[in-house]
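Shown next, in structure tokens, is the structure this report addresses.
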Amino acid sequence: MIKFRAWDNLLNKMLVVYRISFDGPVDGVQVHCYLDDRGAEGSTEYAYDGDGLILEQFTGLKDVNGKEIYEGDIVQPVLSYTNSKIGKPFEVKKGNYVYGKWIAKDVSSKGFGVDGYYFSNEIQTVGNVHENPELLEADK
């Protein structure tokens with residue numbers, strides 16, 4: 001399923017995208033988002049012309065807790081049976097997944113690596129690059 005979310009640079013808030021259209025009153029694309037409550041009754045809807053928004057696509061992947069992973073998420077390799085972190089957190093970007101699968105750059109008998117980060121098959125979403133950039137800065 002193709003899904004998106006959007007980071008609003010003006011509100012500093014993650015929004016749920018429910019429609020992207022190319023036929024609105026504004027030339028170009030319009031992104032239709034919920035500003036609150038993710039579409040619950042009475043939630044506020046808004047149409048953006050693209051300015052100030054960063055669209056992030058759902059990867060088709062879920063983390064060890066079943067949470068959907070989007071571009072811009074920061075994920076951490078983990079051992080689920082001990083709930084311990086292994087390796088370093090990394091940003092999910094275009095090019096390190098395709099059709100709901102990780103693109104392995106390095107493969108061994110113990111696991112695989114994506115963009116220079118090595119992990120087994122279990123990862124956990126720990127944040128995103130907009131709200132938690134410090135999770136990646138610790139790596140530098």
Side-chain angles (χ1 to χ4, degrees):
M1 170 186 250
I2 298 174
K3 295 196 276 190
F4 292 88
R5 68 181 184 190
W7 176 256
D8 185 319
N9 281 325
L10 300 174
L11 295 175
N12 288 326
K13 184 176 181 179
M14 195 64 74
L15 305 174
V16 176
V17 174
Y18 66 90
R19 183 165 53 106
I20 298 174
S21 66
F22 299 91
D23 59 355
V26 180
D27 286 341
V29 68
Q30 277 195 313
V31 179
H32 304 267
C33 300
Y34 292 115
L35 295 180
D36 53 6
D37 298 328
R38 299 182 177 224
E41 187 175 333
S43 66
T44 306
E45 297 179 25
Y46 191 76
Y48 290 81
D49 62 6
D51 290 342
L53 280 188
I54 299 172
L55 279 179
E56 298 171 335
Q57 188 171 355
F58 173 50
T59 64
L61 300 163
K62 293 185 179 181
D63 76 358
V64 71
N65 298 314
K67 184 176 179 182
E68 294 178 341
I69 300 173
Y70 284 80
E71 294 171 353
D73 277 340
I74 299 171
V75 294
Q76 169 72 56
V78 295
L79 295 172
S80 63
Y81 58 90
T82 61
N83 201 25
S84 58
K85 297 177 182 178
I86 54 173
K88 296 178 181 179
F90 67 93
E91 176 185 353
V92 177
K93 303 176 193 173
K94 287 180 173 93
N96 59 17
Y97 72 93
V98 65
Y99 302 120
K101 303 289 183 196
W102 294 108
I103 298 173
K105 305 266 169 103
D106 305 302
V107 181
S108 78
S109 61
K110 296 180 182 179
F112 61 96
V114 173
D115 259 4
Y117 297 92
Y118 177 83
F119 57 96
S120 64
N121 61 353
E122 298 177 324
I123 59 170
Q124 181 176 32
T125 305
V126 293
N128 65 64
V129 296
H130 311 288
E131 297 169 307
N132 314 100
E134 72 280 359
L135 294 174
L136 296 173
E137 291 171 9
D139 184 35
K140 295 179 181 177

| field | Within one Ile-Leu-Val-Met-Phe-Trp-Tyr cluster: L11 and V17, side-chain cutoff 4.5 Å | value | yes

| message | Nearest 0.5 angstrom please: T125 OG1 to I69 CD1, how far? | response | 4.5 Å

| Inter-residue atom distance K13.NZ - E131.CD, 0.5 Å rounding | 10.5 Å

| Shortest non-hydrogen separation from F4 to Y70 and the atoms involved | C-CE2, 3.9 Å

| request: Using a cut-off of 6.0 Å, state whether more than 12 heavy atoms not belonging to K3 lie near its atom NZ. | output: yes

| said: Once you measure the plane-to-plane angle for H130 and W7, does it fall in the parallel (<30°), tilted (30-60°) or perpendicular (>60°) bin? | reply: parallel

| message | Would the distance check show the side chain of N132 and the main-chain N or O of L135 forming a donor-acceptor pair, the cut-off being under 3.5 Å? | response | no

| message | To the closest 0.5 Å, what do you measure between CG (L136) and CG (N128)? | response | 10.0 Å

| N9 side chain reached by L53 side chain, heavy atoms, under 4.5 Å | no

| query | Can you get from V129 to V126 by hopping between Ile, Leu, Val, Met, Phe, Trp and Tyr side chains that sit under 4.5 Å apart? | reply | yes

| query | Between I2 and L15, is there a shared hydrophobic cluster once you connect ILVMFWY residues whose side-chain heavy atoms come closer than 4.5 Å? | reply | yes

| Closest approach of I74 and P89, non-hydrogen atoms and distance? | CG2-CB, 3.7 Å

| query | Roughly how far, to the nearest 0.5 Å, is the CD atom of E56 from the CE atom of M14? | reply | 4.5 Å

| From T59 atom OG1 to K94 atom NZ, the distance as rounded to the nearest 0.5 Å | 12.5 Å

| said: So if I apply the salt bridge (charged side-chain N to carboxylate O under 4.0 Å, His left out) rule between D73 and each of K67, R5, K93, which one comes out positive? | reply: R5

